[in-house]
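First the structure, in the form of structure tokens, and then the observations on it.
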Amino acid sequence: MTASHRNLVIVESPAKGRTIEKYLGAGYKVLASFGHVRDLPARDGSVRPDEDFAMDWELGDRAGKPLGEIRKAARDADAIYLATDPDREGEAISWHVQQVLAADARLSAEFHRITFNEITKSAVLDAVARPRAVNAELVEAYLARRALDYLVGFTLSPVLWRKLPGSRSAGRVQSVALRLICEREDEIEAFVPREYWTILVTFRTAEGATFTARLTHLDGVKLERFDLADAEAAAQAASRLVGAAFQVAEIETRQVRRNPAAPFTTSTLQQEASRKLGMSATQTMRTAQRLYEGVDLGGETVGLITYMRTDGTQLAGEAVDGLRGLIGGTYGDRYLPAQPRVYKSAAKNAQEAHEAIRPTDITRRPDALKGRLKGDELALYELIWRRTVACQMASAVLDQVAIDVETADGRQRLRATGSIVRFDGFLKVYEEGRDDVGAGAEGDADRRLPPVGKGDPLTAPDDPAQEQHFTQPPPRFTEASLVRRLEELGIGRPSTYASILQVLQDRDYVRLERKRFLPEDRGRLVTAFLKNFFSRYVEYDFTAALENQLDDISGGRVAWKDVLRDFWRAFSAAVEEARDLSITQVIDALDVEIGPHFLRDRGDGVDPRQCPSCHTGRLGLRLSRTGAFIGCSNYPDCRYTRPLAVDGGDEEAGAAFPRELGHDDAGLAVSVRKGPFGHYLQLGDGDGDTKPQRVTLPKRENPATVDLARALRLLALPREVGTDPNTNETVFAGIGRYGPYLRRGQLYKSLPADEDILETGLNRALTLLAEGAKRGGGSTPLRELGAHPKDGEPINLFKGRFGPYVRHGKVMASLPRDVGPDDIDLERAVALVDAKAARGKSGKSAKAGTTKRKTAGTKSTKAAAKPAKAAASSPAKATGRAKGAAAKNVTTDGRQG
């Protein structure tokens, strides 16, 4: 450090460091620690409960070089400012750095801890002017959490490896999150759909306006959900309405106000980015980190948002003033509430109650950052900007209307509901997303109703619509809904959610399919094992209570080692009991726990445990080196096995096709049918010369439970999504022969399988179309041919410099001379790209083989020329190479893979 740099500032990342050094100017040197500098060694004994929870620390693999530079600069400094992030992890990093530097006898500088919620010049200078000491209570909360996680992982995981072959490891919080996913899957697989019907009548007013109402009372009795349980009951109810005279009985109107959501916390940002932008929790946090640390805006590096790991929903006073000025100036005084909105955080420790996530400068609009931010950065910044502006805007005002219609005798009654937005308020800027909203769930609420008066006569057709429905199982967790559920239960903390979800996937306990979590067999076994032998430690209440104790430590309300002692006393006893279990005891316990789930009584009088092969053996859970399966007790005489899955658990089981759903307004039959390429919807029966309308049923739809209302919406596609503000072209959403797609002009983009073609909004559609254009190298496909049957990725037709070609991912295949662009179909395109891919692989294999043969020959020649001494040493070298190869093939839990 030069004489002019007498103050050393230590941050976590170099990107943040460069920005802060510019703000502080001469006299300050800013260096980065590159995250944590020390951690517990990944071996037994790093935390020793018998020595009052003594903990060993070692430098990280990448900490040597940055810590060496920091140590060298610190020796010449008068003051050291520890400027790591303002949370427990940041406090811990500052503590570790101070511990390492304080051990250097040549260092005489004073240590100061500074924090700032945003990387702006004023915030940084203010922090330097008001330093403090490292907070011991926050550090102790970190130490307790780290010790707990270590003790659970390094004590419980070896038990899992020995008792459950194929298991990876267990974690204090991840095991509870895994239990949530597994139990949700249990609910789904055990769910039995229940049929019910509704009767709809489309009425016409004297002025010719129409609206649809649902039958709510039959013969003077209110209808419950399952009163019309089958087609016969529905037909009888509908017959009561045929030929009846109808009039408006009641009109209910009430005005409701909708308030904006609070500004973002870490968890709500992760949830909303998942819903609106399709970003994972990890992707969201990485992108937010870049926005926080600073982005180059034409020669100036600027932190665009406040700190992104926070439980707080409060906003700084100057931020609220800026928001109110922007709202009034941009949208008018009507959109500005009389008083600022105040949001309060539920954080127990005021030291950790950071400000909500917001733009550092609210006047920096997203439009002004186009071309300066990457796609995901701009999308996330706009999301944060809109949510922040909306949180200080006026409430939206809606008129909710309900029209009751009855027959002349008053015995049959129907109801229509709708709403009108009288004043959009905050909705002008932002509307919060929702999880797992079924199609059409908001349709009635958003529908506009015509003006009518009490007693007005109404006319109706003589064929009321009869709609079949099926109850739906609870939806699988998305990242957004799982984060929300963990937060509701008080399990984990927002800063840990992204890593928890990633660890579950990395260890093959769960997988993401169509952006929803499904448990793997391995994950189900681990959950069943823990529920049987460590039930207390995967209980939701226990885990949440432990999180509260960690909060109490950070707030100075309880001693951290007392918490560790109480936990370890009971946990170590449970581990000792589990160590004495035999594999047979484990299998028997798990068979009792999850056997009935996988070997379910189908009610046909056949014992689900009876082996279908030998008929004398008993089916049960079996374990192998690679995992669990269902096997016969007569092994090895009977070798019947099947995967660990519910027998006959297909969601389509029991459904017969074609399945009639009802009729549309024109009286045409609507049905679900099964063809050679999958299920599809059909409108009409195909009699006469009229060809029935058909549409492929998207993969996300269940053919056994899709109802008439949703089927009609799918048959009505394509729909107009909106207008691209940049090109003024209309964006359409539809279903082609091979699945859902988006279209703008001649640009097509297949819709991901987990997205709902009926609910995709304009912002999401434009994002997907932009991605499609980018992946296609900027070229526009002539035609979308469909999805490849092996991986679901789109195959598109393009016009190239040397003629038309089809493209699947990175594989491009030219069309044969006798096949024109109008003649190519999906089947032929699949054959072309598969053949091209196969040729590419065989070419690589041939090259590799040639290289290997050449190398081998060269080595043989050289070896023959070497003296016997070299040959004698080669076995040892070979052994060393073999050991090295084996060492590279060791899994993260220390077992050879």
Side-chain angles (χ1 to χ4, degrees), residues 193-253 400-418 438 440-441 443-445 447-472 658-672 683-685 705-713 715:
R194 188 172 176 183
E195 182 182 5
Y196 66 99
W197 290 69
T198 55
I199 309 299
L200 300 176
V201 176
T202 300
F203 293 105
R204 185 177 296 275
T205 67
E207 290 76 22
T210 61
F211 65 94
T212 301
R214 179 174 58 86
L215 181 65
T216 58
H217 293 72
L218 182 65
D219 294 332
V221 178
K222 183 179 180 180
L223 286 174
E224 301 299 333
R225 187 180 193 184
F226 299 107
D227 284 350
L228 303 181
D230 51 36
E232 183 179 355
Q236 290 178 358
S239 67
R240 302 279 213 288
L241 305 177
V242 175
F246 297 95
Q247 64 180 11
V248 176
E250 298 288 344
I251 303 172
E252 295 179 12
T253 302
Q400 291 186 346
V401 182
I403 300 175
D404 285 330
V405 178
E406 65 181 12
T407 55
D409 59 8
R411 291 179 59 78
Q412 325 304 335
R413 181 172 281 231
L414 304 93
R415 168 165 281 211
T417 58
D444 287 349
R447 183 174 53 192
R448 297 196 65 168
L449 299 175
V452 293
K454 185 175 181 179
D456 285 358
L458 302 169
T459 58
D462 289 334
D463 55 346
Q466 303 168 38
E467 289 192 356
Q468 182 187 37
H469 308 272
F470 289 89
T471 54
Q472 299 292 316
R659 186 168 74 85
E660 300 294 335
L661 302 182
H663 296 78
D664 72 349
D665 293 340
L668 295 176
V670 180
S671 59
V672 185
L683 179 62
D685 51 19
T705 58
V706 65
D707 58 27
L708 179 62
R710 189 160 182 83
L712 288 172
R713 294 179 70 194
L715 285 162

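Count residues from 1 along the sequence.
Nearest approach of P450 to I403, heavy atoms of both residues: O-CD1, 4.2 Å. Closest approach of R413 and D404 over heavy atoms only: NH1-OD2, 3.4 Å. The minimum heavy-atom distance between I199 and A234, with the atom names listed, is CD1-O, 3.5 Å. Among all heavy-atom pairs drawn from Q468 and E660, the shortest one is OE1-O, 3.3 Å. Of all heavy-atom pairs spanning T417 and A402, the tightest one is CG2-CB, 4.2 Å. Of all non-hydrogen atoms in V670 and D664, the two that sit nearest each other are CG2-N, 4.2 Å.
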Ignoring hydrogens and angles, write down the donor-acceptor pairs under 3.5 Å from the side chains of residues 222-231, residues two or more places apart or on other chains.
from, atom 1, to, atom 2, distance (Å)
R225, NH2, Y196, OH, 3.4
D227, OD2, E224, N, 2.7
D230, OD1, E232, N, 3.3
D230, OD1, A233, N, 2.8

Name the atoms and distances for all side-chain donor-acceptor pairs under 3.5 Å in residues 240-249, with sequence neighbours left out.
from, atom 1, to, atom 2, distance (Å)
R240, NE, D219, OD1, 3.4
R240, NE, D219, OD2, 3.2
R240, NH1, Q236, O, 3.3
R240, NH2, D219, OD2, 3.0

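Qualifying side chain to side chain donor-acceptor pair (under 3.5 Å) partners for Q466, counting only residues two or more places apart in sequence or in other chains: none. Among residues two or more places apart in sequence or in another chain, the salt bridge (Lys or Arg N to Asp or Glu O under 4.0 Å) test is passed with E252 by R415. When the side chain to side chain contact (heavy atoms under 4.5 Å, CB included) test is applied to L200, the partners found at least two apart in sequence or on another chain are T212, R214, A465, E467. Applying the salt bridge (Lys or Arg N to Asp or Glu O under 4.0 Å) test to D456 and every residue at least two apart in sequence or in another chain returns nothing. With sequence neighbours excluded, no residue forms a side chain to side chain contact (heavy atoms under 4.5 Å, CB included) with S239.
When side chains are defined from C-beta on, H469 does not count as touching E195, because their heavy atoms never get closer than 4.5 Å. Contact annotation: the side chain of T205 approaches that of L458 to within less than 4.5 Å [non-hydrogen atoms, C-beta and beyond]. When side chains are defined from C-beta on, L414 counts as touching F203, because their heavy atoms get closer than 4.5 Å. V672 places a side-chain heavy atom less than 4.5 Å from the side chain of L661.
The backbone N or O of G410 sits nowhere less than 3.5 Å from a side-chain atom of Q412 that would complete a donor-acceptor pair.
Residue pairs meeting the salt bridge (charged side-chain N to carboxylate O under 4.0 Å, His left out) criterion with at least one partner in residues 196-205, sequence neighbours excluded, are absent.
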